[in-house]
Amino acid sequence: MNETMNSFQSFLNSYFGEVPSRSESPSSWTKKLIFLGPKLEPWLADDPSSRKQYVKLSKAFRRACEKHESTNNIIFLDCITMFCGDSANVPGALFGGKATADPKYFSDDQLHLNSEGYQVWQQKLESI
């Protein structure tokens with residue numbers, strides 16, 4: 001995970017380049033970023049350990065976005081349970097590895113979203 005987060009930090013630094021001082025109004029900055037965090041996927045259903053790792057990765061991405069000097073221009077969209085349906089509401093869903101992706105949002109490969117899944121993403125993005 002360290003290598004992933006180092007790469008993400010490098011991406012943020014490269015994308016935003018030279019950042020104006022925090023005293024300047026964020027609305028005057030030109031670059032914005034909407035980052036869609038990782039999502040749980042059906043192929044992980046029988047692997048609670050990997051689901052917990054996805055949750056950790058999602059939290060690490062959120063922290064990196066919040067701590068970056070361009071944080072005012074980054075929107076982190078938490079997708080970890082966006083496609084989990086009712087299992088996202090079970091006590092201990094995230095930390096206990098009980099949240100599982102609902103296959104109705106995914107194509108047959110259990111990795112990529114289908115049209116219903118993309119509609120969920122579209123609605124979330126349009127609400128920002």
Side-chain angles (χ1 to χ4, degrees):
M1 187 157 62
N2 287 338
E3 186 176 331
T4 299
M5 296 316 302
N6 287 338
S7 294
F8 183 62
Q9 189 67 44
S10 293
F11 161 75
L12 290 176
N13 293 339
S14 173
Y15 177 77
F16 286 105
E18 199 61 36
V19 178
S21 71
R22 288 197 181 257
S23 62
E24 292 183 45
S25 168
S27 61
S28 68
W29 300 355
T30 57
K31 289 191 175 182
K32 304 280 185 193
L33 176 70
I34 298 174
F35 182 77
L36 304 174
K39 66 188 183 328
L40 292 178
E41 297 150 350
W43 66 271
L44 293 166
D46 296 325
D47 190 351
S49 177
S50 290
R51 289 196 310 273
K52 289 178 189 178
Q53 287 300 110
Y54 267 57
V55 171
K56 287 180 182 178
L57 182 62
S58 181
K59 288 180 177 220
F61 279 130
R62 177 186 293 278
R63 273 193 309 276
C65 290
E66 290 172 349
K67 290 183 177 187
H68 194 271
E69 56 192 355
S70 295
T71 190
N72 292 333
N73 291 335
I74 302 171
I75 297 171
F76 176 83
L77 185 57
D78 190 351
C79 300
I80 198 72
T81 59
M82 189 178 292
F83 305 101
C84 289
D86 292 337
S87 73
N89 301 319
V90 172
L94 286 179
F95 301 113
K98 296 178 182 176
T100 57
D102 188 334
K104 77 177 186 177
Y105 296 111
F106 293 85
S107 64
D108 291 339
D109 68 2
Q110 299 185 6
L111 174 64
H112 297 96
L113 295 173
N114 61 22
S115 60
E116 191 173 351
Y118 279 113
Q119 286 175 0
V120 171
W121 253 352
Q122 181 178 357
Q123 289 170 355
K124 292 289 185 181
L125 289 169
E126 288 175 349
S127 72
I128 295 175

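Since we're looking at a predicted model, the values are computed, not measured. Along the sequence shown, the residues carry numbers beginning at 1.
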From CA spacing to verdict: side chain to side chain contact (heavy atoms under 4.5 Å, CB included), Ile74, Tyr15 = CA-CA 11 Å; Ile74 302 171; Tyr15 177 77; over 6 Å; no
message = Run Leu12 and Ser70 through side chain to side chain contact (heavy atoms under 4.5 Å, CB included) and show every step you take.
response = CA-CA 9 Å; Leu12 290 176; Ser70 295; over 6 Å; no
query = When you look at Asn13 and Gln9, which way does the side chain to side chain contact (heavy atoms under 4.5 Å, CB included) test go after all the steps?
reply = CA-CA 6 Å; Asn13 293 339; Gln9 189 67 44; 3.5 Å; yes
query = Are Thr100 and Leu40 close enough, and set up right, to give a side chain to side chain contact (heavy atoms under 4.5 Å, CB included), and what steps lead you there?
reply = CA-CA 7 Å; Thr100 57; Leu40 292 178; over 6 Å; no
task = Take His68 and Asn73 through the side chain to side chain donor-acceptor pair (under 3.5 Å) test and state the conclusion after the steps.
result = CA-CA 10 Å; His68 194 271; Asn73 291 335; over 6 Å; no
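Just one of Tyr54, Phe76, Phe35 meets the ring-ring contact (aromatic ring centres under 6.0 Å, His included) condition when paired with Phe61; it is Phe35.
One finds the CD atom of Gln123 at 7.5 Å from the CD atom of Glu126 (value rounded to the nearest 0.5 Å). Rounded to the nearest 0.5 Å, atoms CD1 (Ile128) and NZ (Lys32) are 12.5 Å apart. Taken from CG in Asn89 to OG1 in Thr81, the straight-line distance is 8.0 Å, to the nearest 0.5 Å.
Linking Ile, Leu, Val, Met, Phe, Trp and Tyr whenever their side-chain heavy atoms come within less than 4.5 Å puts Leu36 and Val120 in one cluster. Cluster annotation: Ile75 and Phe11 are assigned to distinct hydrophobic clusters (Ile/Leu/Val/Met/Phe/Trp/Tyr, side-chain heavy-atom contacts under 4.5 Å, transitive). There is a path of hydrophobic side-chain contacts, each under 4.5 Å, that joins Leu33 to Leu57.
Panel note: side chain Thr71, backbone Glu66; a donor-acceptor pair is recorded below 3.5 Å. Looking at Ser58, its side chain never comes within 3.5 Å of a backbone N or O of Gly37 through a donor-acceptor pair. Side-chain atoms of Ser50 never come within 3.5 Å of backbone atoms of Leu44 as a donor-acceptor pair (strictly under, hydrogens ignored). Formation of a donor-acceptor pair under 3.5 Å by the Arg51 side chain with backbone atoms of Ala99 is found in this model.
What you find for Pro42 and Ala101 is that their closest heavy atoms are N-CB, 3.5 Å. Across all non-hydrogen atoms, the minimal contact from Ala64 to Met5 is CB-CE, 3.9 Å. When all heavy atoms are compared, the tightest approach of Phe16 to Lys31 is CE2-O, 3.6 Å. Minimum heavy-atom separation, Leu113 to Phe106: CD2-CE2, 3.7 Å. For the residue pair Glu41 and Gln110, the shortest heavy atom distance occurs at CB-O, 3.5 Å. Nearest heavy-atom pair across Leu111 and Lys39 is O-NZ, 3.3 Å.
Heavy-atom contacts from other residues, nucleotides or ligands closer than 6.0 Å to CG of Asp86 number 12 or fewer. For Asp46, the CG atom counts as loosely surrounded, since its 6.0 Å shell holds 12 or fewer non-hydrogen atoms of other residues, nucleotides or ligands.
Taking 4.5 Å as the limit, every side-chain heavy atom of Tyr105 sits out of range of all side-chain heavy atoms of Met82.
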